[in-house]
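Chain naming here is simple, since letters A, B, ... match the order of the sequence lines and numbering starts at 1 in each.
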2 protein chains.
Amino acid sequence: MPKQELVVLGQETADGCCPTLLTAPLDEEAATGLAKVFKALGDPVRLRLLSMIASRDGGEICVCDLTPAFDLSQPTISHHLKLLKQAGLIDSERRGTWVYYRLLPESTDRLAAVLTRPTARATEPAGTTS
Amino acid sequence: MPKQELVVLGQETADGCCPTLLTAPLDEEAATGLAKVFKALGDPVRLRLLSMIASRDGGEICVCDLTPAFDLSQPTISHHLKLLKQAGLIDSERRGTWVYYRLLPESTDRLAAVLTRPTARATEPAGTTS
DNA sequence: CCTCTATGTTGATGTTTTTCGATCCAAGGC
DNA sequence: GCCTTGGATCGAAAAACATCAACATAGAGG
């Protein structure tokens, strides 16, 4: 009974090459998966956490550097980090006493791609069963 | 007494030219604004609504085409559309009996930009005010 | 003016989310 | 072994959200 369910962003890249959200109606399953990631970003605290993690040059930041930056309790920060992790946006590693979080850039790349409107689209050869 | 508060995505482009989220820690205010938009996207129904709206060739879609695509009541769809609109992602226009919604592409563009990690960053000569 | 259809709004209700204090686990130092 | 410190987990309480039925509003057509 796995309590944490890692959301892999583009796990159905077999067929449709370009999960775009803006070019074709999303089916329910894809929408549910995407919504989980966006929901993880839909909180100011988590957004700031992600921002602090991502903007670190080494790509890593210690929780001990994150927690004091907020007016929130340590359990709350830990909870938000867990949600970001479950969304597949970050990962964590324990090194000795401390735990370090780092961005998973593929996740944000994928999100950016999903939100990007294709600038130009060549004429598609027919035959692809919609 | 404006009940609806339109969230303008990048209204503080005066200073920082590139609101990136991934390159510098977000301040609380920017995080709150961004979070509202992401939260609007953090629901499967709204994501599908946005997708249906955005993928329409004419850029517009009638509510009457949206509502029957879901197993939800009409007020619920209306509510979700309102949230998307308040987030600045879409806009609506009444033409006769029907109401048409359309994507505001600048909003998704901005979101994509915010999630995009700068691939390479040349040394910027000062003086270029966006 | 009245009626019908298409949407938005209101109020209520059950679910989810945010947050905390208390507690627990892991690693290091004594 | 014990104690301290960094983090995660566990309830529980308050706030926010999703959803619906009922009602309100806006045009169209008589």
Side-chain angles (χ1 to χ4, degrees), chain A residues 1-7 28 31-32 35-50 52-53 60-87 89-102, chain B residues 1-7 28 31-32 35-50 52-53 60-87 89-102:
Chain A
M1 193 170 63
K3 223 171 193 176
Q4 300 204 161
E5 187 183 341
L6 187 64
V7 174
E28 204 166 336
T32 303
K36 276 181 192 155
V37 186
F38 280 124
K39 188 179 301 187
L41 294 176
D43 180 278
V45 177
R46 287 195 291 272
L47 227 35
R48 289 216 287 153
L49 283 169
L50 188 74
M52 292 175 72
I53 295 169
E60 285 186 334
I61 189 170
C62 176
V63 177
C64 59
D65 287 332
L66 292 171
T67 307
F70 297 84
D71 276 342
L72 299 169
S73 68
Q74 175 268 321
T76 300
I77 299 299
S78 186
H79 172 67
H80 283 305
L81 287 171
K82 182 169 150 187
L83 290 186
L84 285 172
K85 189 173 174 180
Q86 286 177 329
L89 289 162
I90 58 176
D91 197 4
S92 66
E93 181 195 352
R94 158 162 244 140
R95 273 207 302 278
T97 311
W98 293 277
V99 174
Y100 294 85
Y101 277 84
R102 68 187 173 84
Chain B
M1 186 175 65
K3 223 171 190 175
Q4 301 204 157
E5 185 185 343
L6 187 65
V7 174
E28 205 166 339
T32 303
K36 275 181 193 153
V37 187
F38 280 125
K39 189 179 298 186
L41 295 176
D43 181 278
V45 176
R46 287 195 291 271
L47 226 36
R48 288 216 288 152
L49 283 169
L50 187 75
M52 291 175 73
I53 296 169
E60 285 186 334
I61 190 171
C62 176
V63 177
C64 59
D65 286 332
L66 292 171
T67 306
F70 297 84
D71 276 342
L72 298 170
S73 68
Q74 175 268 321
T76 299
I77 299 298
S78 186
H79 170 68
H80 284 305
L81 287 172
K82 182 170 153 187
L83 289 187
L84 285 173
K85 190 174 174 179
Q86 286 177 328
L89 289 161
I90 58 176
D91 198 4
S92 66
E93 181 194 354
R94 158 161 246 139
R95 274 206 303 277
T97 312
W98 293 277
V99 175
Y100 294 85
Y101 279 84
R102 67 185 173 86

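F70(B) places none of its side-chain heavy atoms less than 4.5 Å from the side chain of H80(B). Between L41(A) and L41(B), every side-chain heavy-atom pair lies at or beyond the 4.5 Å cut-off.
Protein atom NZ of K36(A) is 14 Å distant from nucleotide atom C1' of dT16(C), rounded to whole Å. Rounded to a whole Å, the CG atom of D65(A) is 18 Å from the P atom of dT5(D). Taking atom CG of D43(B) as the reference point, atom P of dT17(C) lies 11 Å away to the nearest angstrom. At whole-Å resolution of the value, NZ in K82(B) and P in dA6(C) are 22 Å apart. To the nearest angstrom, C1' of dT19(C) lies 15 Å from CG of L81(A). In this entry the distance linking CG of L84(B) with P of dC17(D) reads 14 Å, nearest Å. Going from atom CD1 of I61(B) over to atom C1' of dA6(C) covers 15 Å, rounded to whole Å.
When the nearest nucleotides of DNA chain C are assigned to T67(B) and L83(A) by heavy-atom distance, the more 5′-ward of the two goes with T67(B).
Not one side-chain nitrogen or oxygen of Y101(A) sits closer than 4.0 Å to the OP1 or OP2 atom of dG6(D). An OP1 or OP2 oxygen of dT17(C) is reached within less than 4.0 angstrom by a side-chain nitrogen or oxygen of K39(A). One finds no side-chain N or O of H80(B) lying less than 4.0 angstrom from the OP1 or OP2 phosphate oxygen of dC17(D).
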Taking protein heavy atoms under 4.0 Å as touching, what does nucleotides 20-30 of chain C look like 5' to 3' if B marks base contact, S marks sugar-phosphate-only contact and - marks none?
BBB---SSS--
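Across all strands, Y100(B) comes closer than 4.0 Å to no nucleic acid atom at all (heavy-atom distances).
One distance of note links CD1 of I77(B) with CZ of R48(B); it measures 8.5 Å at 0.5 Å rounding.
With hydrogens and angles ignored, the 3.5 Å screen pairs a side-chain donor or acceptor of R94(B) with a backbone N or O of G96(B). Between the side chain of S78(A) and the backbone N or O of Q74(A) there is no donor-acceptor pair closer than 3.5 Å.
Taking L83(B) as the reference, R46(B), H79(B), Q86(B) meet the side chain to side chain contact (heavy atoms under 4.5 Å, CB included) condition, with sequence neighbours excluded.
Under the side-chain contact (heavy atoms from CB on, under 4.5 Å) rule, V63(B) has a single partner from D65(B), T67(B), I61(B), which is T67(B).
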